[in-house]
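Report on one structure; see the data block that follows.
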Amino acid sequence: MQAITIFSNLKNAISSAKLSKKTIGFVPTMGALHKGHASLIKYALKECDNVVVSIFVNPTQFNNAEDLEKYPRTLDKDVAFLETISHNIIIYAPTANEVYGDQIASKSYNFGALETVMEGAHRSGHFDGVGTVLNKLFRQVTPHKAYFGEKDFQQLVIVKKLVKKEHLPIEIIGCPIHRQEDGLAMSSRNSRLTKNQLEIAPFIYKTLLEAKDKFRTLSASQLKKYVCAQFDQKEGLDLEYFEIVNEKNLQPLSRKRTHQKYRAFLAVYAGDVRLIDNIALN
Ligand code: PAF
């Protein structure tokens, strides 16, 4: 299998698949593929004849130049990994020029209150960058369905809004978080963790499970206090935020209401590696 790097070649591959009435699934990634990506691709392969996996480290969604520079880039390994999954995968690994032309810049979207919390509040311009690149990739790949992991739950909700805003006929599908046996959510950033950090990182999920358990009896502010205190005592992990929000509109919970679904989200630094995770609370 070889990665397609040029849009016109991707277009030909997709046109011929569509001519033979094949359905196209799409899994956009930034590479450094792991079992979490494999699980998204397997969901897509169950529902679609062909699956396009894009591998593109999108510069406009990084608000920190060092984070962009350090983001792992492992294309040859990624291609070999995809070969072990299926031969019905089309790999698209474009250059920035192929995606953006000569203007690498974000469009300014207004995702409303969805982008003023959590990742949007802590990573200025991040969702404009995500929206911009996905709008471009969706128009190049023209998939029937696109698959996103719930680890980036806020991104998933915003992508659903993006396709509505851009009138794109694509069904957006959220897939459950894939975890290591010790509970750590799979992420490309995990490859940057030291042995010691890998040992302490499962504390994140352990604390989320505790939060879920305590959600029945504690108020949102009591639960926040509890989780902050847990991280204060934990050496090697710095909590950036912990939020409890309504799953639909991502707004912070003030008073629990019946029939509403809530989720807890956090971002944590292990050294200079930023990790995010979340859990459904009810
Ligand atoms: O989730 C990611 O890896 C990225 O945000 C995405 C969706 C590939 C856009 O660059």
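Ligands are counted one by one from 1 in listed order, and the atoms in each one are counted from 1 as well. This chain uses plain numbering: 1 for the first residue, then up along the sequence. Side-chain atoms are counted along with the backbone in the values below, which use heavy atoms only and exclude waters and symmetry mates.
- Cation-pi contact between Lys234 and Phe231: absent, since separation from the ring centre below 6.0 Å together with deviation from the ring axis within 45° is not met.
- Neither side chain, Glu115 nor Tyr109, offers a donor N or O lying under 3.5 Å from an acceptor on the other.
- If you chain together ILVMFWY residues whose side-chain heavy atoms come under 4.5 Å of each other, Tyr269 ends up in a group of its own.
- Around ligand 1, the residues contributing at least one heavy atom under 4.0 Å from the ligand are Pro28, Thr29, Met30, Asn58, Gln61, Val133, Phe148, Gln155.
- The hydrophobic cluster analysis finds Met186 isolated: no Ile, Leu, Val, Met, Phe, Trp or Tyr side chain comes under 4.5 Å of it, directly or through other members.
- Between Phe138 and Phe148, the ring planes lie perpendicular to each other; the angle is over 60°, past the 30° to 60° tilted range.
- For Lys164, there are no salt bridge (charged side-chain N to carboxylate O under 4.0 Å, His left out) partners at least two apart in sequence or on another chain.
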